2 protein chains.
Amino acid sequence: MSTHNKLFNNIRRYVSLSDEEKAGIIEICTESRIKKRQFIEQPGYVSGYRNYVIKGAFRSFFLSNEGKEHTVQIAIDDWFVSDFYSYITQTPATLFVEALEDSLILRMPYGKIEPLCKQYHSLSEYFRVTTEKAFAYSRNRTLSNISKSAEERYLEFLGMYPDMAQRIPQKIIASYLGISPEFLSKIKKNLT
Amino acid sequence: MSTHNKLFNNIRRYVSLSDEEKAGIIEICTESRIKKRQFIEQPGYVSGYRNYVIKGAFRSFFLSNEGKEHTVQIAIDDWFVSDFYSYITQTPATLFVEALEDSLILRMPYGKIEPLCKQYHSLSEYFRVTTEKAFAYSRNRTLSNISKSAEERYLEFLGMYPDMAQRIPQKIIASYLGISPEFLSKIKKNLT
DNA sequence: AGTTTATGTTAACCTAGATTAAGAGATTTT
DNA sequence: AAAATCTCTTAATCTAGGTTAACATAAACT
């Protein structure tokens, strides 16, 4: 299956595309191979792309004043990843986006997506509906962060993203949950 | 100014509407007066509306197993408020949405917004762009929650929503920040 | 106006989770 | 394959923030 078809299969879950629209999308995408540990975004640079993960794994994270890493998002196959705040506001990023595995992505530039959304109703609908969904899920995470214990959040994470638990190093999962790796170790011990 | 015009002014910041589109939107909105302390959404019932606050204040909150309240969102004039997860997935709500003042809202039913977004490209664009923006800001809150101290989050809140600090009871702000009201009291004392 | 009920403050004590440090396994690099 | 560099675990100690309780204020109801 071509890389574009992987994206189209995803889009097809929400809207149907004409051949003209497909051609328009193919035209703005560029395929890119990313090596493990490579950064595709860094603080200081404006995030110029929606990055669709064809195959691989990424995380976005943030370096606190004390030099500690905080993982904001973990993305595997068929997720979009970027410093979304930077992308949307077109202001310099505060997040790193780093490949956790050798990966293959499609990059869709902001400057081309926006006109294309204005031009094609179905593309606008696709991003409207998927962003609404992403936002709804992110609300749930906010809710967990303010109301649940670290152990409860870990169990929730396992239930929600079982594939990631296998694939992603624990210290990154800990930093996604907002706890120290040592404490995650303790939690896992308590669970068995 | 009519209540619909207040909404149209907001929409105009992102897209322009034809008269036909305006009429279509007016047709699906119903105006509603809500008394202080009244609930417009409750756990167990599917959230059927995007509620646009013309005038007033609301919060959405969640009751933990231990019976504690956790405020997810605070909304004043010109914000939308609902149990967004319930609205998007059309599954029963887990949140309450409660008026903090006597308020006036426009209710836009899910079953009518969705077809209208399919029909009118500009309305689809409006919700795409505003939801993308809301999502970007919500990412920032997630980030604060996992990386900042309670005092830092309080200062950030003050900077971001200075009007709310005046208008909203402190115990609700505390529950929005994910801390106890007593601890917020302590923080405020330390700051002066 | 006076009584109830909700909100905010202060202080003493208590826990979830952080930090530090040291050792054991894994992975990478040479 | 050894050396170097990460990742994970365990245990001791420490701290941000929670809990409880008592009192002070301010709203809301009669």
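Numbers restart at 1 for each chain; the letters A, B, ... are given by sequence-line order, proteins then strands. On a predicted model such as this, the values are computed, not experimentally measured, just so you know.
- Distance A/Glu182 CD to D/dA11 C1': 11 Å, rounded to the nearest Å.
- Between B/Phe62 and B/His70, the two ring planes are tilted [angle within 30° to 60°].
- B/Glu151 and B/Lys186 are not joined by a salt bridge, as no carboxylate oxygen comes within less than 4.0 angstrom of a charged side-chain nitrogen.
- Here D/dG17 presents its P atom at 15 Å from CD1 of B/Ile146, a figure rounded to the nearest Å.
- Counting non-hydrogen atoms under 4.0 angstrom, B/Lys189 reaches the backbone sugars and phosphates but no base.
- Among the heavy atoms of the strands lying under 4.0 Å from B/Pro169 are primed sugar atoms or P, OP1, OP2 only; no base atom is included.
- Ring-plane geometry between A/Tyr176 and A/Tyr161 is classed as perpendicular, the angle between the planes exceeding 60 degrees on a 0 to 90 degree scale with a lower cut at 30.
- For C/dT19, the OP1/OP2 oxygens have a side-chain nitrogen or oxygen of A/Lys68 closer than 4.0 Å.
- Of the listed nucleotides (D/dT9, D/dG17, C/dG17), D/dT9 has the atom at the smallest distance from the side chain of A/Ser185.
- Counting only heavy atoms from C-beta on, A/Gln170 has its side chain closest to D/dT9 among C/dT19, D/dG18, D/dT9.
- Atoms CG (A/Leu100) and P (D/dT7) sit 10 Å apart, rounded to a whole Å.
- Between C/dG17, D/dT9, D/dG18, one nucleotide has an atom nearer to the side chain of B/Ile179 than all others, and that is D/dG18.
- In this structure, the CD atom of A/Glu151 is 15 Å from the C1' atom of C/dT15, given to the nearest Å.
- Look at CD1 on A/Ile187: it is 12 Å from P on D/dT9, rounded to the nearest Å.
- For A/Arg139 and B/Tyr85, the positive end is not near the middle of the six-membered ring at less than 6.0 Å and at most 45° from its axis.
- Applying the side chain to side chain donor-acceptor pair (under 3.5 Å) test between A/Glu98 and each of A/Lys36, A/Gln38, A/Arg59 identifies A/Arg59 as the sole match.
- In the set D/dG18, C/dA21, D/dA28, the nucleotide with an atom closest to the side chain of B/Lys36 is D/dA28.
- Atom CD of A/Glu152 and atom C1' of C/dA16 are 12 Å apart (whole Å).
- For the pair B/Lys171 NZ and C/dT9 C1', the computed distance is 15 Å after rounding to whole Å.
- Atom pair A/Asn190:CG and D/dT10:P shows a separation of 10 Å (rounding to whole Å applied).
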